[in-house]
Amino acid sequence: MSAAPTTTPSTGTGVFSKTRARIAARTLRTDRWWLPPLLTALGLGAFVAYATVRSFVRTAYWVPQYHYLTPFYSPCLSDSCVPGSSHFGTPFGELPMWIPLGFVVLPFLLGFRLTCYYYRKAYYRSVWFSPPACAVAEPHARYTGESRLPLIIQNSHRYFFYVAVVVSLINTWDAITAFHGESGGFGFGLGNIVLLVNVILLWAYTLSCHSCRHIAGGRLKHFSAHPVRYWFWTQVSKLNTRHMALAWTTLGTLVLTDFYVMLVASQTISDLRFID
Ligand code: FES
């Protein structure tokens with residue numbers, strides 16, 4: 001992380017270059033412009049810390065009597081998974097403790113959010129100070145944007161989007177199979193609502209993606225020749241206006257869902273049951 005942009009740089013670049021009006025301050029803004037990037041960094045840091053710990057601990061991720069599976073362990077594809085939690089078989093044998101049980105999709109989900117257009121804005125500002133806020137001079141003397149390695153890789157976002165659609169389908173299946181009663185057959189408890197709300201919001205976030213908007217119809221020239229794609233593009237565009245809110249909401253629902261499953265699986269609380 002670069003130094004906090006509070007002092008005047010000595011580089012003579014940007015607003016301090018020779019041809020610009022001579023103002024010594026980095027910014028003349030008097031509001032708390034540093035607050036949003038600070039909150040962003042704290043929020044992202046908290047999620048990364050929680051998700052990392054939970055992905056590695058291998059405890060309390062499956063509730064056998066109700067078939068609740070936390071999204072951080074889905075799909076669970078190895079022999080190390082507790083019995084019943086592998087909805088798609090166990091093609092992988094035992095895994096050493098340093099490999100998370102959700103290793104097949106976790107890197108792709110990380111890549112999906114890292115290359116997301118909204119998150120790029122968020123961490124370019126809050127972590128790299130590029131810029132820290134509008135009309136606040138950067139601490140960097142050089143800027144190449146996303147034209148070089150490694151940042152040129154951000155252009156692969158659509159491929160992470162395709163994988164995220166598949167993972168959303170898997171999470172949907174998990175939410176459906178979780179309608180399981182203690183005595184077998186159909187069951188319905190508070191955990192089902194938690195899992196269902198999470199998966200619906202995950203779909204909303206995934207479908208509100210900027211790449212999805214482009215793929216659905218954004219790259220077309222003549223909407224009149226493609227009425228169906230025009231309709232899809234219109235719906236995705238409406239969702240897309242909420243993309244930032246959905247990015248944060250789904251971080252929250254992922255943590256809450258995992259936390260709820262953890263509490264029930266560890267028998268810290270019991271699930272509120274409506275049916276069986
Ligand atoms: S732009 Fe955010 S998920 Fe695609």
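The basis for the numbers below is simple: all heavy atoms, side chains too, and nothing from hydrogens, waters or symmetry mates. We count ligands from 1, going down the list as the structure has it; atoms in each ligand are counted the same way.
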Numbering as shown, the atoms of ligand 1 that approach [X] to under 4.0 Å (heavy-atom distance):
X    : answer
Y205 : 2 (Fe), 3 (S)
Y117 : 1 (S), 2 (Fe)
C116 : 1 (S), 2 (Fe), 3 (S)

Taking the side chain as C-beta and beyond, is there a heavy-atom pair between [X] and [Y] under 4.5 Å?
X    : Y    : value
D271 : Y260 : yes
F72  : P100 : no
T177 : H87  : yes
T257 : L195 : yes

- Message: Less than 4.0 Å is my threshold; does some heavy atom of F112 fall inside it relative to ligand 1?
- Response: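 The answer is yes, since F112 has a heavy atom less than 4.0 Å from ligand 1.
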- With a cut-off of 2.8 Å, does H210 place any N/O/S atom under that distance from atom 2 (Fe) of ligand 1?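 Within the cut-off used here (under 2.8 Å), H210 places no N, O or S atom near atom 2 (Fe) of ligand 1.
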- Query: Are the sulfur (SG) atoms of C76 and C81 separated by under 2.5 Å?
  - Reply: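 Between C81 and C76 there is a disulfide, given that their SG atoms are under 2.5 Å apart.
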- Answer with side chain, backbone, both or neither: which part of H243 has a heavy atom less than 4.0 angstrom from an atom of ligand 1?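 The answer is the side chain.
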- Message: Nearest 10°: the angle subtended at atom 4 (Fe) of ligand 1 by C209 SG and H157 NE2?
- Response: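 Rounded to 10°, it measures 100°.
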- Message: Using a strict threshold of under 4.0 Å (side-chain N to carboxylate O), is an ion pair present between E146 and R120?
- Response: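 The answer is yes: the pair qualifies as a salt bridge.
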